[in-house]
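Sequence lines set the chain letters: A, B, ... in the order given, protein chains first and strands last, and positions in each chain run from 1.
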Amino acid sequence: MIDLTLLRRETEKVRHMLARRGVSVEQVDELLALDIRHRELLARAEEIRAEVKELSRLVGDARRSGDTARADELTARSRERGDEERHAAAEADTVAREVRELHLMIPNLPADDAPDGRSEDDNVEIRQWWPGMDEGSPFPEFAEHQRVAHWDIGAELGILDLEAGAQLAGSMFPLYRGDGARLLRALTAFALDAHFDAYEEIRPPSVALTETMMSTGHLPKSRDDMYAIERDDLWAIPTAEVPLTSMHRGDILALEDLPIRMTAATQCFRREAGAAGRDTRGLLRVHEFEKVELFAYCTPEQAIDEQMNILSRAEQLLRALALPYRVLDLCCGDLGSASARTFDLEVLSPGVNRWLEVSSVSWFRDYQTRRANVRYRTAEGTTAFTHTVNGSALAWARIWAALVETYRQPDGTVVLPDVLAPYLGGRTVLQRR
RNA sequence: GGAGGGAUGGCAGAGCGGACGAAUGCACCGGUCUUGAAAACCGGCGUGGGGCGACUCACCGUGGGUUCAAAUCCCACUCCCUCCGCCA
């Protein structure tokens with residue numbers, strides 16, 4: 001949620017910032033008007049309530065001193081005012097709900113240096129990397145044997161069985177087998193080990209309460225993109241960001257404990273409603289995938305460094321895997337609604353010949369912690385909302401695809417980078433068994 | 001799934017209808033004393049909303065209800081503990 005106090009005090013500025021990402025002035029002004037109305041109603045209800053409390057006190061005094069007539073008279077008056085109070089409070093509540101409903105739907109304020117733009121076409125590429133770049137090699141030319149789509153390689157080597165996945169759970173639920181399944185396990189272990197020095201490893205539940213989904217901003221806005229387990233009021237998590245953001249829900253953190261860094265490997269579930277038919281072949285877009293996430297709670301001052309740290313770690317993994325990639329600075333129009341600034345990492349996968357998004361590194365300011373009520377104690381002794389940042393390092397389904405396509409040999413086998421050897425029992429060759 | 005017990009400030013723990021936002025102890029932060037520290041003593045010490053402010057309102061697991069008045073009474077739910085059943 002954005003800061004309503006800021007909206008009241010610097011309305012013009014907030015209007016402008018939200019306009020950059022396509023929120024209409026009318027919507028902002030509606031929120032402002034509702035907020036003003038709510039505060040008026042609240043003030044009135046509280047005034048009457050203060051009277052009722054005072055009268056009740058006097059009733060107590062009168063009864064104790066045995067003045068029954070006076071007590072009865074005061075009780076009658078208090079009852080009358082009490083009725084009025086109930087009315088006023090109910091009215092204030094109704095408007096409060098309207099404010100909250102609208103407030104929850106307003107996206108975050110973009111960072112000042114997030115680029116202008118309306119859609120993904122306006123994202124700014126800030127750098128590319130490829131193996132050998134530092135030594136002056138040009139961007140890699142891919143050979144014919146690398147121009148095979150991962151779904152064909154998967155079928156050929158018997159390491160990816162999309163038909164079996166579809167039979168069990170429907171399309172876009174991949175099933176990996178043999179070396180393909182092992183590769184996935186290796187990638188997770190490889191990444192968690194890489195982050196172990198600075199990030200606490202967490203294994204959160206794969207499902208979350210509605211309240212938990214609200215905190216990150218996934219609800220109510222993206223409700224149709226989530227899998228729901230209605231009977232138990234649970235939701236399948238779309239990313240580890242959801243449980244991690246709520247780890248300290250309601251807490252006041254000590255300044256010296258910040259930043260709090262965590263990493264988690266989880267399954268991620270996404271309905272991908274509205275994405276039907278778009279880039280959905282093979283592993284390009286799936287309903288369930290595994291991902292290692294990096295996350296930090298931090299102060300506003302630490303936020304940019306923490307975000308850069310996550311971005312750099314995600315890049316280090318891609319470099320270790322020697323996969324060519326580019327970094328995009330998302331424009332205001334393409335930012336996720338909770339994010340103030342996001343960098344996407346995309347790898348070029350030669351078989352499908354496309355840039356695949358494998359990481360998204362975001363700074364949320366206090367948008368999520370305002371919802372989750374996560375604060376910290378400042379040096380001045382006051383409380384302030386904590387900032388959150390997070391990013392994938394990395395999302396495996398598309399990395400899996402990029403790896404098998406990039407490292408496919410002329411003989412049809414796949415030879416993976418040596419860094420993975422320790423996690424593959426020393427054997428980096430994927431072949432038909 | 002069944003039967004009991006519980007949930008109060010950072011922690012421990014009182015309060016069980018009337019000035020209770022809440023005793024007390026510990027912890028913590030100031031100060032006095034001390035060469036310094038400890039002890040002792042004095043003072044402070046939850047969070048949030050509204051208002052320029054005096055001030056006011058809300059919060060005792062959550063949500064409803066009763067009452068002039070609820071931490072306190074009633075109902076429902078959640079979580080924790082003990083026991084039984086089932087179970088990887």
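Within the 4.0 Å cut-off from OP1 or OP2 of G48(B), at least one side-chain nitrogen or oxygen of Arg375(A) is found. For the OP1/OP2 pair of U56(B) and a distance below 4.0 Å, the side-chain nitrogens and oxygens of Arg49(A) include no atom meeting the criterion. Of the side-chain N and O atoms in Lys53(A), one or more sit less than 4.0 angstrom from OP1 or OP2 of A58(B). The side chain of Arg8(A) contributes an N or O atom lying less than 4.0 Å from OP1 or OP2 of G50(B). A close approach under 4.0 Å does occur between a side-chain nitrogen or oxygen of Thr383(A) and OP1 or OP2 of G48(B). For U47(B), the OP1/OP2 oxygens have a side-chain nitrogen or oxygen of Arg377(A) closer than 4.0 Å.
Comparing G49(B), C68(B), A19(B) against the side chain of Val59(A) picks out C68(B) as the nearest. Between G49(B), A19(B), G18(B), one nucleotide has an atom nearer to the side chain of Asp61(A) than all others, and that is A19(B).
Following rounding to the nearest Å, Glu85(A) (CD) and A58(B) (C1') show an atom-to-atom distance of 12 Å. The separation between Arg37(A) atom CZ and G50(B) atom C1' is 16 Å, rounded to whole Å. Atom CG of Asn373(A) is separated from atom C1' of G61(B) by 16 Å (rounded to the nearest Å). Remark: P of C77(B) and CG of Asp232(A) are 16 Å apart, rounded to the nearest angstrom. One interatomic measurement links the two molecules: CZ of Arg77(A) to C1' of A69(B), which rounds to 15 Å at whole-angstrom precision. We find that CD1 of Ile252(A) is positioned 18 Å from P of C59(B), with the value rounded to whole Å. Separating the CZ atom of Arg97(A) from the P atom of G63(B) is a distance of 13 Å, rounded to the nearest angstrom. Atom pair Phe385(A):CZ and U47(B):P shows a separation of 13 Å (rounding to whole Å applied).
Comparing the P positions of G43(B) and G51(B) gives an interatomic distance of 36 Å, to the nearest angstrom. Spacing between C86(B) and G2(B) at atom C1', rounded to whole Å, works out to 11 Å. Nucleotides G9(B) and C60(B) have their P atoms positioned 10 Å apart, rounded to a whole Å. Across the P atoms, C73(B) and C16(B) are found 10 Å apart, a figure rounded to whole Å. Rounded to whole Å, the C1' atom of A7(B) lies 11 Å from the corresponding atom of U62(B). A23(B) and G15(B) have their C1' atoms separated by 8 Å, given to the nearest Å. G10(B) and G65(B) have their C1' atoms separated by 34 Å, with the value rounded to a whole Å. Rounded to whole Å, the separation between the C1' atoms of U66(B) and C11(B) comes to 35 Å.
Aromatic ring centres of His287(A) and Phe269(A): separated by at least 6.0 Å.
Residues Thr266(A) and Lys291(A) have side chains that never bring a donor and an acceptor to within less than 3.5 angstrom of each other. Residues Thr210(A) and Asp233(A) have side chains that bring a donor and an acceptor to within less than 3.5 angstrom of each other. With 3.5 Å as the limit, one finds a donor-acceptor pair spanning the side chains of Tyr325(A) and Glu315(A).
Checked by atom type and distance alone, the side chain of Glu288(A) never pairs as donor or acceptor with a backbone atom of Pro174(A) at under 3.5 Å.
More than 12 heavy atoms of other residues, nucleotides or ligands sit less than 6.0 Å from atom CZ of Arg427(A).
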